[in-house]
Amino acid sequence: MASACGGSMHVSFQIATDLTQAVTAAAAQAGLDAAGFSPEIRTADPRHGDFQANGVLGYAKARKLNPRAVAESLVAALPVDVKARCDISIAGPGFINFRLKPEVLLQWLTRYGTVDALRSGASSLHHGQRYVVDFSSPNTAKQLHVGHVRGMVIGEAICRMLAFCGATVIRDNHIGDWGTQFGKLIWGYKHLRNDAALTADPLEELERVYKAADAATKNDPAVLDAVRAELVKLQAGDTENLDLWKRINAVSSGAFTEIYQKLDIHFDHQLGESFYNDRLGVVYEELSRLGLAEESEGALVVFHPEHPRFKTQPFIIRKSDGAANYASTDLATMLYRAEHFQADAIVILTDARQSDHFEQLWLTTQKWFARTQRRLPRFEHVSFGSILGEDGKAIKTRSGDPIRLKALLAEAEERALALVNEKSPELPEAERREIAAAVGIGAVRYADLSQNRSSDYVFAWDKILSLEGNTAPYLLYAMARIHSIFRKHGIDVATAGQGQGATAPETETELALARKLVGFASALELTTQQLRPHFLCTYLYELAGAYSAFYNADKVLVEDPAIRARRLLLCSRTLLVLESGLSLLGLRTLQRM
RNA sequence: GGACCCGUAGCUCAGCUGGAUAGAGCACUUGGCUUCGAACCAAGGGGUCGGGGGUUCGAGUCCCUCCGGGUCUACCA
């Protein structure tokens with residue numbers, strides 16, 4: 001750790017990385033078999049240290065050596081600067097514990113004192129990587145409902161975090177704009193629309209038209225034929241239908257944009273399924289020619305003989321009537337993202353029910369690219385569970401319809417406003433409304449992010465808007481309390497953040513808080529590596545907890561200038577990390593609430 | 001039938017490539033505001049980690065098996 005615990009001029013952002021290097025070098029120095037040794041540096045239980053190296057246990061076991069003896073020789077071989085900057089101990093069966101000395105904590109806090117400094121430090125984590133992230137991806141002409149929110153919120157957070165950590169992120173909203181629903185929509189638009197309703201709430205009316213048309217096809221075979229004819233006309237390039245298709249998409253897009261703006265969600269591209277319409281031929285042709293795809297029951301399909309399931313369950317890449325489906329367009333999309341965007345990694349967010357599809361897509365893509373000598377990007381299907389009602393079943397309105405996202409967000413703000421009115425009636429109304437928006441929307445968002453995405457979660461207003469526990473309001477409140485200290489005493493956050501005259505942390509709660517702040521690097525690494533935002537949420541919650549304990553135990557504005565300066569530094573830095581972290585999650589933060 | 005996900009405190013959930021005495025919040029008990037925002041903090045009780053085998057220095061984590069819940073399983077996405 002020549003850099004982190006080395007000279008006083010430089011402290012690494014991610015100290016664990018430097019420790020890994022230092023321990024690896026020490027292992028070679030101590031005569032260990034370098035190829036068979038991995039330091040296994042982890043963040044440690046605070047009772048033991050800041051980091052721990054577990055690598056000697058496995059190493060010693062495999063070679064029937066005494067692990068403590070190995071650990072001792074390894075520690076002896078560590079560079080002097082590491083020993084100078086960390087308290088090192090060997091414990092139990094051979095754990096090596098590292099505890100950063102308070103001066104090192106102070107150095108880290110001093111160095112990473114602005115968002116730019118944090119970003120610059122974090123950029124080493126994914127530097128130079130090009131990610132295409134596909135999220136939201138709703139179907140045209142349907143309302144966004146609760147089922148869509150999780151993918152939107154998690155997707156936005158993942159994009160922000162990857163970009164913060166140095167990646168080039170290309171955000172693509174892969175809209176479902178070319179499906180079979182357009183036959184019904186166009187027919188319905190021509191025969192059933194209500195122009196007044198269409199003006200008042202276009203998407204609502206389109207959805208009504210769609211449902212009515214759908215019902216009509218079930219009652220009247222003639223309508224079904226007419227609907228199919230509309231679809232055929234559209235796909236054949238009929239001017240009138242193409243024009244209608246464009247108008248329907250425009251209406252839909254406008255409604256989506258409204259919600260995207262409310263949630264502060266952004267895209268670089270909106271390449272829907274229709275975009276790939278004239279890029280499907282190469283998929284059919286190549287997969288057939290390579291022998292990957294075969295005809296089965298009239299459809300063009302891909303089997304994967306090595307797979308227990310997909311050896312018999314086909315990946316249907318062209319329907320028996322010759323039409324494309326989403327396997328067709330997704331394959332074309334993989335190719336486009338690899339070639340046009342030069343993606344190093346493709347990340348697609350959908351709910352977990354589509355796991356089979358993406359597993360088949362990926363199996364197929366790997367073989368296809370291998371046989372055509374194409375460079376293969378990494379692929380991540382970031383799947384997530386459903387949002388359940390308090391009865392444990394899929395969340396629905398009383399009438400059984402999905403809950404509109406628009407209505408959900410409005411209710412969130414309403415409920416938050418009631419809380420703010422109760423807690424802070426002295427604030428001006430305009431500010432109370434702003435706070436309510438940040439708290440309400442933030443609470444919904446945070447609920448989606450804070451739980452491990454692979455499980456379903458139960459949506460309960462009382463829980464997500466609670467001021468206690470791992471919630472948005474708690475974190476926002478922690479920030480408001482810190483701001484209050486500075487505001488009340490006329491101290492500038494940035495000035496205090498320079499830490500002029502600050503001494504190294506001393507009290508137990510100061511030390512715990514400082515260590516937690518340094519842990520931001522590990523939290524970011526873990527979160528972006530696994531693409532699971534709840535790790536960052538857990539970290540921020542623990543940080544806020546460490547701050548509260550510190551705040552409760554150590555008065556900030558004491559007489560002693562050195563103590564005062566270091567405590568103000570800790571406050572300023574906590575604010576910075578909470579602000580940065582919550583922004584990465586997509587939450588708006590507040591100065592008062 | 002098969003595949004995947006899940007099962008951790010009364011409830012809602014964490015637990016990072018296997019690591020040290022399994023952790024939070026809610027609820028419950030107790031203590032702390034004339035003192036920087038108590039929407040807070042501190043302390044306490046509460047566990048066969050679904051059951052049973054196995055792998056090893058070490059298993060909530062990996063393997064097998066069984067039980068329970070969810071999802072998917074040929075032309076919707």
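The sequence lines fix the lettering, A, B, ..., with proteins before strands; numbering per chain opens at 1.
When the nucleotides A42(B), A39(B), A14(B) are ranked by their closest atom to the side chain of Ser424(A), A39(B) comes out on top.
Partner assigned to G1(B) is U73(B), using Watson-Crick or G-U wobble distances below 3.5 angstrom. Both distances falling under 3.5 Å, in either a Watson-Crick or a G-U wobble arrangement, occur for no nucleotide opposite A59(B). Pair assignment for U17(B) gives none, since no Watson-Crick or G-U wobble pairing has each distance under 3.5 Å. Of the nucleotides present, none pairs with G45(B) by Watson-Crick or G-U wobble criteria with both distances under 3.5 Å. Using the Watson-Crick or G-U wobble rule with both distances under 3.5 Å, A22(B) pairs with nothing in any strand shown.
Under the side chain to side chain contact (heavy atoms under 4.5 Å, CB included) criterion, Asp351(A) pairs with Arg353(A), Gln354(A), Phe384(A), not counting sequence neighbours.
Taking atom C1' on both nucleotides, U17(B) is separated from C62(B) by 12 Å, rounded to a whole Å. For the P atoms, the distance from A22(B) to C26(B) is 22 Å, rounded to whole Å. The same atom, C1', is picked in G18(B) and in G58(B); the two are 8 Å apart, to the nearest Å. To the nearest whole angstrom, the two C1' atoms, one in A24(B) and one in A14(B), are 7 Å apart. The gap from the P atom of A9(B) to that of G60(B) amounts to 15 Å, rounded to the nearest Å. As rounded to the nearest Å, U34(B) and U30(B) have C1' atoms that lie 24 Å from one another. For the C1' atoms, the distance linking A59(B) with U12(B) amounts to 26 Å, nearest Å. Using atom P as the reference point in both G23(B) and A27(B), the two lie 22 Å apart (nearest Å).
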For residues 478-485 of chain A, tabulate all N or O donor-acceptor pairs below 3.5 Å that involve a side-chain atom, not counting sequence neighbours.
| from | atom 1 | to | atom 2 | distance (Å) |
| --- | --- | --- | --- | --- |
| Arg481(A) | NH2 | Ser548(A) | OG | 2.7 |

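In this structure, Phe51(A) atom CZ and C16(B) atom C1' are separated by 14 Å, rounded to whole Å. Distance Gln591(A) CD to A39(B) P: 20 Å, rounded to the nearest Å. Between the CG atom of Asn452(A) and the C1' atom of U8(B) there is a distance of 14 Å, given to the nearest Å. Going from atom CG of Leu526(A) over to atom P of C16(B) covers 9 Å, rounded to whole Å. What separates CG of Leu590(A) from P of A39(B) is a distance of 16 Å, to the nearest Å. Atom NE2 of His381(A) is separated from atom P of A3(B) by 20 Å (rounded to the nearest Å). Protein atom NZ of Lys423(A) is 11 Å distant from nucleotide atom C1' of C40(B), rounded to whole Å. Asp462(A) places its CG atom 18 Å from the P atom of A39(B), with the value rounded to the nearest Å.
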Using a cutoff of under 3.5 Å, can you pull out all pairs of nitrogen or oxygen atoms linking the protein to nucleotides 30-36 of chain B, with atom names and distances?
| from | atom 1 | to | atom 2 | distance (Å) |
| --- | --- | --- | --- | --- |
| C36(B) | O2 | Leu557(A) | N | 3.3 |
| C36(B) | N3 | Val556(A) | N | 2.8 |
| C36(B) | N4 | Tyr551(A) | O | 2.8 |
| C36(B) | N4 | Asp554(A) | O | 3.0 |

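Ile248(A) CD1 to Leu203(A) CG: the interatomic distance, rounded to the nearest 0.5 Å, is 11.0 Å.
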**Request:** Test His174(A) against Tyr276(A) for ring pair (Phe, Tyr, Trp, His ring centres under 6.0 Å), laying out the working first.
**Result:** CA-CA 10 Å; His174(A) 192 70; Tyr276(A) 297 95; 5.7 Å; yes
**Request:** List the steps and the verdict of side-chain hydrogen bond (donor to acceptor under 3.5 Å, both in side chains) for Ser328(A) and Asn325(A).
**Result:** CA-CA 5 Å; Ser328(A) 331; Asn325(A) 65 2; 3.0 Å; yes
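Note on Phe315(A): nothing from the nucleic acid sits closer than 4.0 angstrom, heavy atoms only. At the heavy-atom level, His534(A) lies under 4.0 Å from the strands shown only through sugar-phosphate atoms. Within 4.0 Å of Ser522(A), counting heavy atoms only, lies no atom of the nucleic acid at all.
No close placement of the Phe315(A) and Phe310(A) rings is indicated, their centers lying 6.0 Å or farther apart. For Phe98(A) and Phe51(A), the distance between ring centers is not under 6.0 angstrom.
Using a 4.5 Å cut-off on side-chain heavy atoms (C-beta onward), Val347(A) and Phe135(A) make no contact. Between Ser274(A) and Trp245(A), the closest side-chain pair of non-hydrogen atoms falls below 4.5 Å. Taking the side chain as every heavy atom from C-beta outward, Asp134(A) and Ile346(A) never approach each other to under 4.5 Å.
Of the charged side-chain nitrogens involved, at least one lies within less than 4.0 Å of a carboxylate oxygen, so that Lys218(A) and Asp214(A) count as a salt-bridged pair. With respect to Arg592(A) and Glu434(A), no salt bridge is recorded, no charged nitrogen being found less than 4.0 Å from a carboxylate O.
Put simply, the side chain of His489(A) never gets that close to the backbone of Ile491(A): no donor and acceptor are under 3.5 Å apart. Glu207(A) places a side-chain N or O within donor-acceptor distance of the main-chain N or O of Gln143(A), the cut-off being under 3.5 Å. A donor-acceptor pair under 3.5 Å is absent between the side-chain atoms of Thr528(A) and the main chain of Leu162(A), judged by distance alone.
Defined by atom type and a distance below 3.5 Å, a donor-acceptor pair is present between the side-chain atoms of Tyr446(A) and Asn470(A).
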**Message:** What does the B/S/- profile of nucleotides 17-25 of chain B look like, 5' to 3', with a 4.0 Å heavy-atom cutoff to protein?
**Reply:** B-BB--SSS
**Request:** Mark up nucleotides 67-77 of chain B, 5' to 3', with B wherever a protein heavy atom is under 4.0 angstrom from a base atom, S wherever such an atom reaches only the sugar-phosphate, and - elsewhere.
**Result:** ----SBBBBSB
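Closest-nucleotide positions on RNA chain B for Tyr457(A) and His307(A) were compared, and the one nearer the 5' end corresponds to His307(A).
For Ser455(A) and A14(B), the shortest distance from a side-chain N or O to OP1 or OP2 is below 4.0 Å.
Of the residues in residues 439-449 of chain A, none has a non-hydrogen atom less than 4.0 angstrom from any atom of RNA chain B.
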